[in-house]
Amino acid sequence: MSLLITDGLFKRFGGVIALDNVSIRVEPSSITLLVGPNGSGKSTLINVISGFYKPDSGRVFFNNCEVTGWPPHKLYSAGIARTFQLPAPFAKMTVLENLLVAAKWSTGESPLTALLHRRRWLEEEAEHVERAFRILELLSLRHMWDRRASELSGGQLKLLELGRVLMSSPKLILLDEPLAGINPRLAEAIVKHISSLRDELGVAFLIVEHRLDVIADYADYAYAMFRGRVIEEGTPKQVLKSPQVLKAYLGG
Amino acid sequence: MNVVLDALAFSNIIVLSSIGLTLTYITLKVPNFAHGDLVTIGAYTALAAARLLGITPYAAIPLAFIASGMAALASYYLVYRPLDRRGAGIVTLMIASMSTEVILRASLHIFADVMTTSTKSYWRGFLFREEGGQLTSYIVVSTITAILIIISLYLFLHRTKYGVALRAAVENPSLASAIGIDVDKARAVSWLIAGGLAGVAGVFMPFRTPTDPETGWALLLRMFAASVLGGLDAVFGAVIGGYVIGLSEVLGIYLLSGPPLNLSTAYRPAIPFAILVILLLIAPRGLSGVEWRRLLSRMSRGVVRSG
Amino acid sequence: MAELFSFLLGLAAFYSIYQMLALSLNLEYGYGGLPNFGKVMFFAGGAFVTGALLTRLVALSPGAPPDMVWDVSKFKIYNTLLATRGSGYLATNPLLALTLFALMLILGAGVGALLGILASYPAVRLREDYLGVTLIVSGELLRIVARNYEPLVCGTLGVSVPNLFAWAGTYSELIKVGSMVAVSTATVLLINIMVNSPYGRALRAMRDQEAAAASLGKDVVLLKIKTLAVGSAIAGAAGSMYAMYLGAVVADEFTPLKTFIVWLMVVMGGAGNNAGACLGALTYIGIDRALTLFKHLIPLPFDVNYLYYTVMGVALILLLMYRPEGILPERPGRLYATTEISSDSRGGQAAPH
């Protein structure tokens, strides 16, 4: 059973059709690539799946449950997390705080429970801090833990985005160009880390990425989009060799 | 009939001032809370000219234009431009705008108090009827002035080369600076015109109601109602918005204060305020921003579904 | 000496009230990024409900003629008399007086919270500038209704409120102000816990990057509603306290200038830092009280308060240009689990699980 299924998604903005009958599947514990030239609808698809846009028609299923039109925060608790193409850090908060925000709190996130259940969320906080430090270690950001996010470099911000979504043990992570602006060595490390998360924890990834040289070898499946439609699907090698996909990239 | 004429004159004041409010909103996307006080500055300039120079308030219209225009220009150069260059966000600009409002209003209070003591005459709650103006003449003059200003502003912004460039500069600054238009100067001119029009509106204010340093501030939220109704991004939308707001306030309270409701006339300002709140909640982009086609299709779909 | 003492008492009283207002705006704007330009509306809500109910409630207990209480045309004339008589009655019943003090605070907070929830409707839908205008206008609408609808607070004349601390005799003023300081201090402690909790962190995240906060599981709409409810409840309680301190409620006092003053305190002191908001309130109120005290000694041909507003306006604009973060800038959130950080040995290749 697929973890994520989109069924005939349509989305238009004014006169422009951004998604045209898009049906894809993401299997559990897999890495699925989404490729295509700029403006082909990849980011729109991510935004629909993560609840930022409502589709005009079509449905989204996650974990055997219809989630079409759910708001982002509800999808996050269901197990879908995402990153943004342009890093979206909480600039005035420290790196550690950025991660703590993303943790799944059972209490203390409303004014009343913050006052009344103080002991309980303090205990929880200790666990979340410990987990956050392990993630920071993994992403080589540990030494930056008490810096404000606004002091981080572009590459470090990308890592911070990734670190945040790892805080909640999601089942599916949507990554919108995670490697853009990251040096090749770090990019390689991130991809390796993504694949180990898939293998060891069974996390599924849906990744929009242009740097296919780095990531294609690790991916299990790929979809190619062009002008809002899925024009090809299959293993990454098949998709990348498809004449249609080449034509799309070359401005056909 | 008197009510209709009074409503017309009141609307002229609102129209003249809200055109400027919209114009400044377009330049920096900040609601200028001090715009009402620019109206008061116009009124006090006319009063000072009438008392100190002995001319009729009408002859002081150019002076009022200059005084309020200069105040607006100063607030642009001293407050908004420096903040804008430092990359201030909208909330910061709004706080600065409120500060400017408080500074201008408090200064007007000081001015009124100082003039009252030094000239031994009242500079608060003054009317122009005894300064040589007449009720009927002011209705005619304010209407003619409003019409002339609206036409000439339209011709300036749409038919002259400089006006078209000015519009381009304030509406689309990045494009305008790319084709070599001096955006900063265009903005400054916009603020000057906006302030000047508020000053002209201010000259007519004391013909109608006793004027003091709070008068313009009390008028401000009505101007907002007019500007929002006409669409905050459409200069001439404020003309329609101004007449609708002005007429509905004066005629509305005339109807509501009669039988069967017999509402106190002190509720008067509640009419434009209520219109504004309702407008902001259902159609914040004003009449020009309503997506009529979508609304109609939604309504017709609703009819089909229910039928 | 006595003059100095009463000056300090007045300072403490006004500071207690404005500290609550500044902290509530800091919670909404400094931490949550919600620009509440209608602060005076929630403050007025608490004051109006106290003005409308307290005198009537107290008058009924010792048996004032009911028509004097319920007939508006009579209540308008006799409310000061009723309030004075009520103070006399409460002087013999301190327990009832203190209960009423608490009840009015709770009512004020309740009305404030209700108005706050109403205000969250535009707050989640409109851009900052439109929201600002909406809230300013709503506050003015409330004031216009209050000054014309006489059953509420007797219109333009205003209504008198009985002294709930008359039982303390010569110490009445001292104990009254002491209670206000206690309420205000309790607010500081509660807000400090709130902003240093997961809730406070979620608020700051929403302020910094609303979309990212939503994608990380924060229900931003609910967060805004709750925050405006809490902030407005505090402002409402402050309004109630203000009414009980002054012993009168006059509708026309609640103009947008009050909102501006609270913004001045928060931005000047440092948005996103509670100590900053308190410092801002203390600075403003301190100068304001001193000016009131020495007003008659300053030979000016105009009211010195206008000069004060002008100077404060200029100071605020300069601050926005040269030190936009305020006197005391925001600091990172408090961290409780410090032991985990100091033990540097953990980590390594462990997977996050």
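Below, chains carry the letters A, B, ... as their sequence lines are ordered, and counting in each starts from 1.
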message: For the OG1 atom of B/Thr116 and the CZ atom of C/Phe302, what is their distance to the nearest 0.5 Å?
response: 12.5 Å
- request: With the side chain counted from C-beta on, respond yes when B/Phe33 and C/Pro256 share a heavy-atom pair under 4.5 Å apart, and no when they do not.
  value: no
query: Side chain, backbone, both or neither: which part of B/Phe111 has an atom under 4.5 Å from a heavy atom of chain C?
result: neither
query: Going from OG1 on C/Thr134 to CD1 on B/Ile278, what distance comes out if it is rounded to the nearest 0.5 angstrom?
result: 12.0 Å
message: With rounding to the nearest 0.5 angstrom, report the CD1 to CG distance, B/Ile90 to C/Leu131.
response: 10.5 Å
message: Angle between ring planes, B/Tyr25 versus C/Tyr130, binned at 30° and 60°: parallel, tilted or perpendicular?
response: perpendicular
- prompt: Hey, which of B/Val102, B/Val114, B/Thr117 has the most heavy atom pairs under 4.5 Å with chain C?
  reply: B/Val102
field: Close side-chain approach of B/Val228 to C/Val133, heavy-atom, < 4.5 Å
entry: no
- prompt: So what's closer than 4.5 Å to chain B heavy atoms on C/Tyr308: side chain, backbone, both or neither?
  reply: neither
- prompt: At a heavy-atom separation under 4.5 Å, does C/Leu126 approach chain B through its side chain, its backbone, both, or neither?
  reply: side chain
- request: Would you indicate whether the side-chain heavy atoms of C/Pro122 and B/Leu281 approach each other to under 4.5 Å?
  value: yes
query: Which atoms of C/Leu257 come close to chain B, meaning under 4.5 Å heavy atom to heavy atom: side chain ones, backbone ones, both, or neither?
result: side chain
message: Working note: C/Ser138 + B/Phe273, criterion side-chain contact (heavy atoms from CB on, under 4.5 Å); need CA distance, chi angles, decisive distance, verdict.
response: CA-CA 8 Å; C/Ser138 307; B/Phe273 293 2; over 6 Å; no
Minimum heavy-atom distance between B/Ala96 and C/Ile317, given as atom pair plus value: O-CD1, 4.1 Å
Proximity breakdown for B/Ala88 and chain C, heavy-atom pairs closer than 4.5 Å: neither
field: Validation row: C/Tyr29, B/Val91 side chains within 4.5 angstrom (heavy atoms)
entry: yes
query: Is the closest side-chain heavy-atom distance between B/Leu280 and C/Val137 below 4.5 Å?
result: no
- line: Correct closest heavy-atom pair for C/Thr310 and B/Ala106 would be OG1-CB, 3.4 Å
field: Part of C/Phe260 within contact of chain B (heavy atom distance under 4.5 Å)
entry: side chain
- request: Mind listing the closest non-hydrogen atom pair of B/Pro31 and C/Asp129 along with its distance?
  value: CD-CB, 3.7 Å
- request: Side-chain contact test, heavy atoms from C-beta onward, threshold under 4.5 Å: evaluate it for C/Glu140 versus B/Leu220 and give yes or no.
  value: no
Proximity breakdown for B/Tyr267 and chain C, heavy-atom pairs closer than 4.5 Å: both
- request: Considering only heavy atoms and a distance below 4.5 Å, find which of B/Leu93, B/Thr100, B/Ile110 pairs most often with chain C.
  value: B/Ile110
statement: Okay, B/Ser264 and chain C: the region with an atom under 4.5 Å from a heavy atom over there is side chain
message: Could you report the tightest heavy-atom contact between B/Ala266 and C/Arg147, atom names first, then the distance?
response: CB-NH1, 4.5 Å
query: In Å, rounded to the nearest 0.5 Å, how long is the span from CZ of C/Phe37 to CE of B/Met98?
result: 5.5 Å
query: For C/Val314, is it the side chain, the backbone, both, or neither that has a heavy atom closer than 4.5 Å to a heavy atom of chain B?
result: both
query: Can you tell me how far the CE atom of C/Met321 sits from the CG atom of B/Leu78, to the nearest 0.5 Å?
result: 7.5 Å
- prompt: Atom CD of B/Glu101 and atom OH of C/Tyr309: how far apart are they, to the nearest 0.5 Å?
  reply: 11.5 Å
message: A quick test of your reading: do over 12 heavy atoms of other residues, nucleotides or ligands sit less than 6.0 Å from OH of B/Tyr122?
response: no
